[in-house]
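Heads up, the thing below is written out as structure tokens.
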Amino acid sequence: MKELEARIKEDGRVLGADILKVDSFLNHQIDPKLMQAMGAEFARLFKDQGITKVITVEASGIAPAVMAGLSLDIPVVFARKSKSRILSDDAYTADVYSYTKQSTNQIRIDKRFLSADDHVLLIDDFLANGQALLGMKALADDAGATIVGAGIVIEKSFQPGRQAAIEAGLTNIHSLAKIAAFENGQVVFEEAD
Ligand code: 5GP
């Protein structure tokens, strides 16, 4: 998505070897118009596939997921993160390790909001090592829901997330921007999906 790539080039900051900071439009301050355009693009990529629900993880997945849900005219459910390991019978839960934060969070979705009748689209802000996506997949699998595909805002293709997701059986993955490398603090894109 050219508009997103341009914005990453303009406002993104490369931190260290493998982190892209985009907190001026996605991860802290949010650009609603850009989110709306991304939601419309997700809807275009996943239309007519019988999706009943968009699933994401708080917090940064929520803005693009809501806009996708708006464009597809379906509800959005965000998995809540909690450090606590208190298990509840009425929620699907999975552990997600974050390499960026170097900690494990349990993510959870109340059973009232995900069922075997659902055909879900998984959305997230970044695809890096794939742990968040695999966590969402685990919740959907537990519910017996059908996963139709995954929509990612920014994929770092030089990290193993997509491969891990494919090996876990996820197909139909579309990323709006794909980063091949960081070179001298600059972002190098590859063709997006
Ligand atoms: P994963 O490694 O599970 O694919 O990435 C999980 C989460 O880590 C993403 O949802 C995102 O919140 C965060 N993340 C991973 N890489 C980056 C990055 O380069 N920049 C930012 N801002 N977040 C990242």
Side-chain angles (χ1 to χ4, degrees), residues 1 4-5 7-31 34-35 38-39 42 54-68 76-83 93-109 120-141 147 149-190 192-193:
M1 189 182 164
L4 173 61
E5 288 181 5
R7 191 60 180 271
I8 292 170
K9 273 211 148 79
E10 199 174 301
D11 287 350
R13 280 182 34 230
V14 177
L15 298 183
D18 58 8
I19 296 292
L20 178 69
K21 197 164 178 183
V22 283
D23 60 356
S24 64
F25 63 92
L26 179 61
N27 291 133
H28 194 1
Q29 175 171 260
I30 291 173
D31 179 336
L34 181 60
M35 294 301 129
M38 297 190 318
F42 281 132
V54 177
I55 303 291
T56 190
V57 179
E58 67 175 347
S60 295
I62 295 176
V66 165
M67 291 304 175
V76 178
V77 181
F78 64 92
R80 290 177 167 271
K81 279 182 193 161
S82 82
K83 290 253 179 216
T93 61
D95 282 341
V96 173
Y97 180 74
S98 164
Y99 287 92
T100 39
K101 299 198 178 92
Q102 301 206 327
S103 66
T104 299
N105 279 299
Q106 187 184 73
I107 60 168
R108 49 189 290 125
I109 290 181
V120 301
L121 169 63
L122 311 178
I123 295 264
D124 208 4
D125 59 337
F126 273 89
L127 177 56
N129 290 285
Q131 297 302 302
L133 206 49
L134 293 183
M136 284 192 271
K137 179 182 183 302
L139 300 183
D141 287 346
I147 300 173
I152 302 294
V153 177
I154 303 171
E155 175 177 344
K156 293 183 290 182
S157 313
F158 58 89
Q159 292 189 305
R162 181 178 285 251
Q163 193 52 38
I166 290 169
E167 278 166 16
L170 271 177
T171 52
N172 203 15
I173 304 169
H174 291 286
S175 301
L176 302 185
K178 287 171 93 168
I179 296 175
F182 296 137
E183 279 176 12
N184 305 318
Q186 299 298 308
V187 177
V188 180
F189 291 103
E190 66 180 74
D193 294 317

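Counting starts at 1 for both ligands and their atoms, in listed order. Positions are given from 1 along the sequence.
- Contact annotation for N129 and ligand 1: heavy atoms of both the backbone and the side chain come within less than 4.0 Å of the ligand.
- Rounded to the nearest 0.5 angstrom, L26 CG and M38 CE are separated by 5.5 Å.
- Separating the CG atom in L134 from the CG atom in L139 is a distance of 11.0 Å, to the nearest 0.5 Å.
- For atom 21 (C) of ligand 1, the choice among Y97, F126, Y99 with the nearest heavy atom turns out to be F126.
- Taking every non-hydrogen atom of D124 and a distance limit under 4.0 Å, the qualifying atoms of ligand 1 come out as 10 (O).
- Near I19, meaning under 4.0 Å from one of its heavy atoms, ligand 1 places the atoms 19 (O), 20 (N).
- Judged by the shortest distance from any of its heavy atoms, D18 lies inside the 4.0 Å radius around the atoms of ligand 1.
- If you number the atoms of ligand 1 from 1 as listed, the ones under 4.0 Å from a heavy atom of N27 come out as 22 (N).
- Looking only at heavy atoms of the protein, atom 11 (C) of ligand 1 is closest to D125 OD1, 3.5 Å.
- Here CD of Q131 is found 12.0 Å from CG of N105. Values are rounded to the nearest 0.5 Å.
- D125 is linked by a side-chain hydrogen bond (donor to acceptor under 3.5 Å, both in side chains) to N27, counting only residues two or more places apart in sequence or in another chain.
- Those atoms of ligand 1 that come under 4.0 Å of a heavy atom in L20, given as number and element, are 18 (C), 19 (O), 20 (N), 21 (C), 22 (N).
- The main-chain N or O of K101 is found under 3.5 Å from a side-chain atom of S98 such that the two form a donor-acceptor pair.
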Check: residues 10-22 side-chain donor-acceptor pairs under 3.5 Å, at least two apart:
| from | atom 1 | to | atom 2 | distance (Å) |
| --- | --- | --- | --- | --- |
| D11 | OD2 | R7 | NE | 2.7 |
| D18 | OD2 | Q159 | NE2 | 3.3 |

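- The part of K156 lying near ligand 1 is the side chain, judged by heavy-atom distances below 4.0 Å.
- With rounding to the nearest 0.5 angstrom, the CE atom of M136 is 5.5 Å from the CG atom of L122.
- Of all protein heavy atoms, the one lying nearest to atom 5 (O) of ligand 1 is A128 CB, 3.9 Å.
- Considering both main-chain and side-chain atoms, S98 never comes within under 3.5 Å of ligand 1 through any nitrogen or oxygen pair.
- The contact set between ligand 1 and Q131, taken as ligand atoms under 4.0 Å from a residue heavy atom, comprises 1 (P), 3 (O), 4 (O).
- Under a 3.5 Å cut-off, the side chain of K81 and the backbone N or O of V57 do not form any donor-acceptor pair.
- Expressed to the nearest 0.5 Å, how far CD1 of I179 lies from CD of E5 amounts to 9.0 Å.
- If you check each of A165, G161, G130 against atom 1 (P) of ligand 1, the one with the closest non-hydrogen atom is G130.
- For the atom pair CG of L4 and CG of L176, the computed distance is 6.0 Å after rounding to the nearest 0.5 Å.
- At the top of the distance list for atom 13 (C) of ligand 1, counting protein heavy atoms only, stands T100 OG1, 3.9 Å.
- In this structure, of G16, A132, S60, P160, the residue bringing a heavy atom nearest to atom 6 (C) of ligand 1 is A132.
- No N or O atom of L133 sits closer than 3.5 Å to an N or O atom of ligand 1.
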